[in-house]
Amino acid sequence: MAQISLTFPDGNARDYAMGVTAADVAMSISKSLSKKAISATVDGQHWDLAWPINSDATIAIHTMADEEQANELIRHDLAHVMARAVQEIWPETKVTIGPVIKDGWYYDFDRSEPFTPEDLGVIEKKMKEIINKREPVRTEVWDRDVAIKYYTDNDEPYKVELINSIPGDEPLRMYWHGDWQDLCRGPHLQHTGQVPSDAFKLMSIAGAYWRGDSNRPMLQRIYGVAFTGKEKLRAHLTMLEEAAKRDHRKLGREMDLFHFEEVAPGSVFWHQHGWRLFQTLISYMRRRQEVAGYEEVNSPDIMDRGLWETSGHWQNYRENMFQAETQDDREYALKPMNCPGHMLIYNQGIKSYRDLPVKLAEFGKVHRYEPSGALHGLLRVRSFTQDDAHIYCTPEQLTEECLKVNDLILSIYRDFGFEDVHVKLSTRPENRIGSDESWDKSENALRTALDQAGMTYAIFEGEGAFYGPKLEYVLRDAIGRDWQCGTLQVDFNLPERFKTTYIAASGERLAPVMLHRALFGSLERFTGILIEQYAGKLPFWLAPRQVVVASITSEADDYVAEVVETLRASGISAEADIRNEKINYKVREHSVSKVPVILAVGAREIEERTVSVRRLGQKQTSVDTLDNVAATLRAEATPPDLR
């Protein structure tokens, strides 16, 4: 029998008969490994223990201790177990697809009666019964015609459609969980009992069109989460509870910051308090950029198709662009990015190498089409403001400028309380412009800058923009969630496409290197992240409503006005509340609105020229002179870059 060679992670290799399975390999190493094995990685692919291996390969055997692989298998098996449970309870239900997603899975069903929240408990109970049967999971490979006949005979039209949409004529893999079967690539666990029965939970029900097409049937989607153990599940559910409390949409209503309307889906209606917060962020960033040598510009919101063809957006990004045609038959697009406008600004006048780097910054409103189902408050919108900038530099300045951006972005995140920052390097995508040589230079420049800064980073192959590789800065918030915010991209391509040049020391006209840079990224999204990071209790300098001065009795109204005037003169946002309401009612209302400081004044405070100070989240109040309180709050109101 023909032999193949399998190489293990430690570099050792062994010969096996062609067609050996990963289960056989695990048994050849030890019985204990064989019992613990759940899957393998073969030549970089996640591999079922039952699949044959027919050529030389690298191999690693996985156990439940390998969290990434274990979670994938557990969640994938649970999708099948859930579908089996649903069909056992309601046999008339048609099944469609059930992929693994972050933290869990979902499965879409076609059923005439809608599922109810109470049904989730019934399904969970049936799933645990199936798991406890510890039935074997088998895999078979079928010819297409056999698979189509099977699903046709069993009245599963969605499976027939899926098979017909799979390109090629290769056989199809089927998985059996006990006596229930599904079309699936795999891999899977070896029996249902390997799924932890106490580490999953069904979470919600939603509608979903078949294959995302609004012209196709509306299906019912059930979501679940699962982990390798009940403690991890409990931690995840606790995090979700905390996330619900911090939801920026809920807090946005309570704090009267913004709202959305169907007349402008994915676009924000800012209220006065939210707009003050938004402008505070812009003012902070404007100061930081001026110190760093950026010059602020502004470019048009709508520009001719020809510009977007020159930039490559029309060919590579058009499906994300809002387009318009005028009566004179000219085609336009709302700008999805600021860079082409900045190219035209840079191209005005002749630049020398002595002028470089040129740093053009803009708080530019951009517009990108997002499917309506993907919109999510401030975090996923169609119209947003970027703190965008483009740096034009010589090749010799490239690494230094990348380092400066890296230092600036980390410093800014620290000012907002984000110390845990991860960096992703996304390399050339398949759909791109420019030569391999220019991409080599771009990717090497970013790697060099990160290495010189001593940064650790992850590489994401093929996820760069179509015009250049990029760094993505990912913030970890107070409850452990990750948010991608700032970006830095190196671009040799757009300057060439726009014939952008500078005069070198030699007298030649050369194309500068272009850096695309955003620090907050989307200001709308960063605002939402900040609200959730602080659960609405923003640092005093950021809070859109800093102080409310509330009267205890109507006799204090004039003193309230004096306190407000004194605070405003100190640069503090202060407002009066002299309504004929009890002070406890006022304190409660303003606390829900997350006002950081409430100053209460009555007859005693008037006589002593003091104020009673209540801080958000603190039950105790203190009494101090108006001058002392004004001085303290003035210091707290100073942004971190001005301290």
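Worth knowing before you read on, the calculation uses all heavy atoms, side chains too, and leaves out hydrogens, waters and symmetry mates.
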Asks: Holding to ring pair (Phe, Tyr, Trp, His ring centres under 6.0 Å), I want the full list of residues that pass it with Tyr151, two or more places apart in sequence or in another chain.
Replies: none

Asks: Do the side chains of Glu135 and Arg84 get close enough for a salt bridge, i.e. N-O under 4.0 angstrom?
Replies: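 Arg84 and Glu135: salt-bridged.
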
Asks: Can you tell whether the side chains of Asp213 and Arg211 come within less than 4.0 Å, N to carboxylate O?
Replies: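 The answer is no: the pair does not qualify as a salt bridge.
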
Asks: Classify the ring geometry of His313 against Tyr467: parallel below 30°, tilted from 30° to 60°, perpendicular beyond 60°.
Replies: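 Because their plane-to-plane angle lies in the 30° to 60° range, the rings of His313 and Tyr467 count as tilted.
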
Asks: I'd like to check Phe200 versus Lys128 (side-chain heavy atoms, cut-off strictly below 4.5 Å). Are they in contact?
Replies: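 When only atoms from C-beta onward are counted, Lys128 and Phe200 do touch, with a gap below 4.5 Å.
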
Asks: May I ask you to check if Arg428 and Phe466 form a cation-pi contact, with NZ or CZ under 6.0 angstrom from the six-membered ring centre and within 45° of the axis?
Replies: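 Judged by the rule, Arg428 and Phe466 form no cation-pi pair.
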
Asks: Of Asp110, Asn154, Asp155, which meets side-chain hydrogen bond (donor to acceptor under 3.5 Å, both in side chains) against Lys94?
Replies: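 Among Asp110, Asn154, Asp155, the one meeting side-chain hydrogen bond (donor to acceptor under 3.5 Å, both in side chains) with Lys94 is Asp155.
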
Asks: Once side chain to side chain donor-acceptor pair (under 3.5 Å) is applied, what residue pairs with a partner in residues 185-208 remain, sequence neighbours excluded?
Replies: Asp77-His188

Asks: Classify the ring geometry between Trp51 and Tyr175 as parallel (under 30°), tilted (30 to 60°) or perpendicular (over 60°).
Replies: tilted

Asks: Considering only NZ, NE, NH1 and NH2 on the basic side and carboxylate oxygens on the acidic side, decide whether Asp143 and Lys149 come within less than 4.0 Å.
Replies: no

Asks: I'd like to know whether the aromatic ring centres of Phe418 and Tyr473 sit less than 6.0 Å apart in this structure.
Replies: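 Ring centroids of Phe418 and Tyr473 are no less than 6.0 Å from each other.
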
Asks: In terms of side-chain heavy atoms, does Gln87 have a donor or acceptor partner in Glu156 at a distance below 3.5 Å?
Replies: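 Checked: Gln87/Glu156 side chains pair up, N/O donor to acceptor below 3.5 Å.
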
Asks: With sequence neighbours left out, which residue pairs that include part of residues 4-14 fulfil the side chain to side chain donor-acceptor pair (under 3.5 Å) condition?
Replies: Asp10-Asn12

